[in-house]
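Just follow the structure's listing: the first ligand is 1, and inside any ligand the first atom is 1. Residue numbers start at 1 and run along the sequence shown.
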Amino acid sequence: MKVHGSVRVPGDKSITHRALLFGALARGQSFIGGALTSLDARSSARVLRQLGAEISPLRLGSVIGITGRGRLRRPNDVLNCGNSGTTTRLLLGMLAGHRFAATLTGDHSLRRRPMRRVTTPLTQMGARFSAMRGDGLPLTIRGGALRPLRYEQPVSSAQIKSCLLLAGVTGNVDVAVHEPFGRSRDHTERLLRAFGYRVEESADGWIDMSPTGRIEPFELQVPGDPSSAAFLVGAALLAEGGELRIASVGINPTRTGFLAVLERMGASPRVEAPVTEFGEPVGDLVVTPASLRATEVVAGEIPGLIDEIPLLAVVASRSEGTTVFRDVGELRVKESDRLGLMAENLRAVGAVAEVQGDDLFVTGSGRTPSGKVRTAGDHRLAMAFAVLGTVPGARIAIDDMRCADVSFPRFRETLASIRVRSR
Ligand code: S3P
């Protein structure tokens, strides 16, 4: 099989969530072009409507209009965040500065994900929580007057960081946060700067935000999601020939760690036509097949490629030698136990993979992958193994391919469209 053509991937999930949240905080109408319209984006839109924002239907290819009221309104019902951890954690930050109670819940996967990582610092700021079931959802938040916060995050996480920055915005107080290692995605910081907030990063890794700005109605074009593009990049690398262009993808350096790892493994992805749109770098990704060798992915790199580990692990299973992913314990609390399931599913299709402590080891082989994959409804596992399924002769049965809709509507069609038989 060869790859060919020029494709686009759906809008960036992280930026779409943030654009919807900021649109709900602005007083007046904002417009979001190129937004993701997947199940996760719909979860954000649904709960923000319950909180008083007017949002036009999320349809592929149409611009979203969102009218905010400056503040959120007390919801009449429970806020169901579906499968989306980003919606939940960022919304909790926004709600912390509002003087009413709101109850959040989610689907089976989201209800098992840890929330103390945000409720602990939000409590320090003055928010109150009740009805909490252990560490997870459902929970009720009651916001109000907040205190400034200076907080060392126990884990590097853009969701924790963004939650706390948003609490600073709605509570109108200074917030400083520090991540233990690596730099997680900085979309919230970039947007806040665009709205006039002072957001500074010091050499020792502290991010200081002062509420000097104002969220005004805006027009924003969402770039293609590099995390979705990664699956097509992987398929292109594993192909037997050709070249693939993925147009207008976000290339924010806090998101492109996977490209650096693939380069170390022997790939030569190129970025062409780079531009900056609304503070975010965007460009075309051009990829050709390559024979790859193993690498070591170190702890400091993990936040910059956290969502790409399933794809990288699949690629590692087709590379020469043993690739190590260090300190990837965070994968246990993603949409599934991604760490355990990656290793289990790689073995189920005949590859060599093992978890030791918080490290994942994947040894490459030329053996044709075949077997059954259990996704536990995790979109990124489904898409990673669909990419492995493009290897010639592969026979991989994935239990749930529909879950790809969480972040990449029409994934299967897009993957099929980039492949042609080699002559
Ligand atoms: C996200 C941050 C990441 C990532 C998730 C989206 C965001 O989570 O896994 O898909 O938009 O802030 P953590 O920062 O909690 O690791």
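Neither the backbone nor the side chain of S184 comes within contact range of ligand 1; no heavy atom lies under 4.0 Å.
Within the set S407, G85, S84, S157, the minimum heavy-atom distance to atom 15 (O) of ligand 1 is found for S157. Here atom 9 (O) of ligand 1 lies nearest to D307 when heavy atoms of L331, D40, D307 are compared.
A salt bridge does not link R49 with E54: none of the charged nitrogens is closer than 4.0 Å to a carboxylate oxygen. With respect to the salt-bridge test (charged N to carboxylate O, under 4.0 angstrom), the residues D399 and R374 do not qualify. E200 has a carboxylate O that lies under 4.0 Å from a charged side-chain N of R198, or vice versa, which qualifies the two as a salt bridge. A salt bridge is absent between D225 and K13; no separation between the charged side-chain nitrogens and carboxylate oxygens falls under 4.0 Å. No salt bridge links E189 with R18; every basic N to acidic carboxylate O contact stays at or beyond 4.0 Å. A salt bridge links E335 with R338: the distance from a Lys NZ or Arg NE/NH1/NH2 to an Asp or Glu carboxylate oxygen falls below 4.0 Å. Salt-bridge check for R185 with D307: passed, with a basic side-chain N closer than 4.0 Å to an acidic carboxylate O. K334 has no carboxylate O lying under 4.0 Å from a charged side-chain N of D378, or vice versa, which leaves the two without a salt bridge.
The K13 neighbourhood of ligand 1 comprises atoms 10 (O), with distances under 4.0 Å to a heavy atom of that residue. Of all the atoms in ligand 1, the ones that sit under 4.0 Å from a non-hydrogen atom of I306 are 9 (O). Ligand-side atoms of ligand 1 in range of T86: 1 (C), 6 (C), 7 (C), 11 (O), range being under 4.0 angstrom from any heavy atom.
Annotation: E335 places no N or O atom under 3.5 Å from an N or O atom of ligand 1; distance criterion only. For ligand 1, the polar-atom distance check against E330 finds no nitrogen or oxygen pair separated by under 3.5 Å. For ligand 1, none of its N or O atoms has an N or O atom of L90 under 3.5 Å away. Looking at K334 next to ligand 1, an N or O pair under 3.5 Å apart turns up. Considering backbone and side-chain N/O of Q159, one or more are found under 3.5 Å from N/O of ligand 1.
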Could you go through residues 410-419 and list every donor-acceptor pair under 3.5 Å that involves a side-chain atom there, pairing it with any protein atom two or more places apart or in another chain?
unit_1, atom_1, unit_2, atom_2, d
T414, OG1, R410, O, 2.7
S417, OG, T414, O, 2.7
R419, NH2, T390, O, 3.1

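Using the six-membered ring where Trp is involved, F195 and F22 have ring planes that are tilted, between 30° and 60° apart.
Residue contact check for ligand 1: H187 places no non-hydrogen atom closer than 4.0 Å to it. Using 4.0 Å as the threshold, R185 has a heavy atom nearer than that to some atom of ligand 1.
With hydrogens left out, the protein atom closest to atom 11 (O) of ligand 1 is S14 OG, 2.7 Å, a heavy atom. The protein atom (non-hydrogen) at minimum distance from atom 14 (O) of ligand 1 is A158 N, 2.6 Å. For atom 12 (O) of ligand 1, the closest heavy atom belonging to the protein is R18 NH2, 2.7 Å.
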